[in-house]
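Heads up: the structure comes next, in structure tokens.
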Amino acid sequence: MILQINADGTMNKSRAYEMMKKFDSAEKADAALAELKKTWNELLAKYTISSPDDKLNRQVNIWNQYQCMVTFNLSRSASYFESGIGRGMGFRDSNQDILGFVHQIPERARERILDIAATQLEDGGNYHQYQPLTKKGNDAAGTNFNDDPLWMILSTAAYIKETGDYDILNEMVDYKNDPKLAQPLLDHLKRSFYHVVNNKGPHGLPLIGRADWNDCLNLNCFSNDPNESFQTTENKSEGSKAESLMIAGLFVVTGKEYVRLCRTLADRGEDAARYGIASFAAEADAMEAAVNSMDEAVQKHGWDGEWYLRAYDFYGNKIGSSENEEGKIFIESQGWCTMAGIGLDKGMVDKAIDSVERMMDCEHGIVLNNPAYSVYHVEMGEISSYPEGYKENAGIFCHNNPWVIIGMTVAGRGNEAWDHYTKILPSYVEEDRQTLHKVEPYVNCQMVAGKDAYKPGEGKNSWLTGTAAWMWLTVSQYILGIQPDYDGLAIRPCLPSTAKEYTVTRRFRDGEYVIMVKNPDGVETGIKSITVDGNAICGNVIPATPGSHTVEVVMG
């Protein structure tokens, strides 16, 4: 109901009556329900799977995509667990959500990207949150979460790959919602990239600022006052040496995306001058050098011998190291550094995954850190204030489990990727542990109580979580392996050896592709052949062409 108050204090019910009139008969209600059903059928038909696994089918075909749409509409702002619109919508959250719904409503993804970009600051940083009604940055939450700018590179690249709409890069977008400061969107991406390049610590790794993705790892807060907010307080930041390995891995992943985008623009013959760039090729070379430098810094200063460090604190001490008594290993840096393939040829990715499985895995998923913190560490902030096994203190964050799962696909470990995916897949949890899990048996939750908790396996904060988008990306692009790319659909499955065949129907740009994947030998990765409409193609990218197409992929 929508109610208004008249000037004299009486209630104006006219808009409420208008809404009631739309549904005041059985015929009108039935028609509205039929229209709603039609809308959802169209949205969910963009990507469907037919496989022998009914639990996989219903999550991919219905619930995962449905949850992605819910997070697009509500972000984290209205649920049983949050405080309404007061916190606004997260810059980081909103960019990640785009990864989950861009294939369904790309035009709305475009609008969201431009709205988000308009809140960015001139130095490439941004407000951590923005208000969806005013579309302005939230001063109360402030800035200086140094992972934030990079997420916009990921979301914009995902949008262009899905749509082929390069014109978005030339859209004039405000800085700090000031039209006088407007620049092309591509300039915003460039400044996002250089915000990390220009804010590195003594090891050549990104400075963390107030926090990175883990809002509770507050390395510059140093609060002993319960009335202070960990996330908006910086009692010590001058001269800080606090660096983040999670941001380092994220930078390598997003930096490679930016380099690819620039090289694609060069290949297309786009006019670099209109973006204020001398040459896309030269731009890509400079960005690639920065990415390689970060990769080298991680290998030199971010490797603990068996896994990637998590961070360096204010004083330059290691976090997430075998040298620590608690919090020896963290999931975020293992996820992003394996996704980035840092040290892949030296066995570092495999060693990190082995360490995760040995030290962090349990029957309910992968914990965020291990061992859990048992006392408060003023130099670490909120993470060490939670009970052991809950939230950021060794809880199972379903949001970042997919990062490690994607890292497993980078290493070609399909059996393990599937095992960890199904541990937090609602349809599998429903079958085995629903009484314990307690949340809705068809959507992901933000967190599951970890192995150190009073009741391991109990779910928390369902529906509005970035888990939805990352679970979608994991299964649709990295396990089933149907990846939108600039020139078409790239096919890169990474499967459990038990998966012998499945069919994905994918609507992509002006075409519809029925993709039959056959795996007769039960391999985890590798493609023997691809045919499109009966014709063999070279490579693994199906060209984007209008019309209906039949594709057969044989693994081996």
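Throughout, residue positions are numbered sequentially from 1 according to the sequence presented. Only a predicted model underlies this, so the values are computations on that prediction, with no experimental measurement involved.
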Aromatic ring centroids of [X] and [Y] under 6.0 Å?
X	Y	answer
Phe508	His103	no
Trp472	Tyr47	yes
Trp403	Trp213	yes

Is there side-chain contact between Leu169 and Leu189, with heavy atoms separated by less than 4.5 Å?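 When only atoms from C-beta onward are counted, Leu189 and Leu169 do touch, with a gap below 4.5 Å.
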
Tell me, do Ile396 and Ile366 make a side-chain contact under 4.5 Å, heavy atoms counted?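 SC-SC contact between Ile396 and Ile366 ruled out.
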
Regarding Glu162 and Arg507, does a basic nitrogen lie under 4.0 Å from an acidic carboxylate oxygen?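 Result for this pair is no, no salt bridge flagged.
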
Determine, stepwise, if the pair His128 / Asp148 fulfils side chain to side chain donor-acceptor pair (under 3.5 Å). CA-CA 7 Å; His128 192 48; Asp148 278 349; 2.7 Å; yes

Which heavy atom of Pro493 sits nearest a heavy atom of Ile527, and at what distance?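 Nearest pair, atom of Pro493 first, then Ile527: CD-CD1, 4.0 Å.
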
Quick check with a 6.0 Å cut-off and a 45 degree axis cone: is Lys28 positioned over the face of Phe23's six-membered ring?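 No, Lys28 does not sit over the ring of Phe23.
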
Check for me whether Arg210 meets the cation-pi criterion with Phe230, that is, NZ or CZ under 6.0 Å from the six-membered ring centre and within 45 degrees of the ring axis.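 The answer is no; the distance or angle limit is not met.
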
Check salt bridge (Lys or Arg N to Asp or Glu O under 4.0 Å) between Glu257 and all other residues, then give those that pass, not counting sequence neighbours.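 Scan of Glu257 (salt bridge (Lys or Arg N to Asp or Glu O under 4.0 Å), adjacent residues dropped) gives Lys161.
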
With sequence neighbours left out, what residues match Glu524 under salt bridge (Lys or Arg N to Asp or Glu O under 4.0 Å)?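 Not a single residue meets the salt bridge (Lys or Arg N to Asp or Glu O under 4.0 Å) criterion with Glu524.
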
Scan for salt bridge (charged side-chain N to carboxylate O under 4.0 Å, His left out) pairs involving residues 472-481, sequence neighbours excluded, and state none if there are none.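 Residue pairs with at least one partner in residues 472-481: there are none.
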
Check whether any side-chain N or O of Asp165 sits under 3.5 Å from a backbone N or O of Ile160 as a donor-acceptor pair, and report yes or no.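 Side chain of Asp165 to backbone of Ile160, a donor-acceptor pair under 3.5 Å: no, none is there.
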
Within a 6.0 Å radius of atom CG on Asp487, are there more than 12 heavy atoms belonging to other residues, nucleotides or ligands?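 No, the 6.0 Å shell around CG holds no more than 12 heavy atoms from other groups.
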
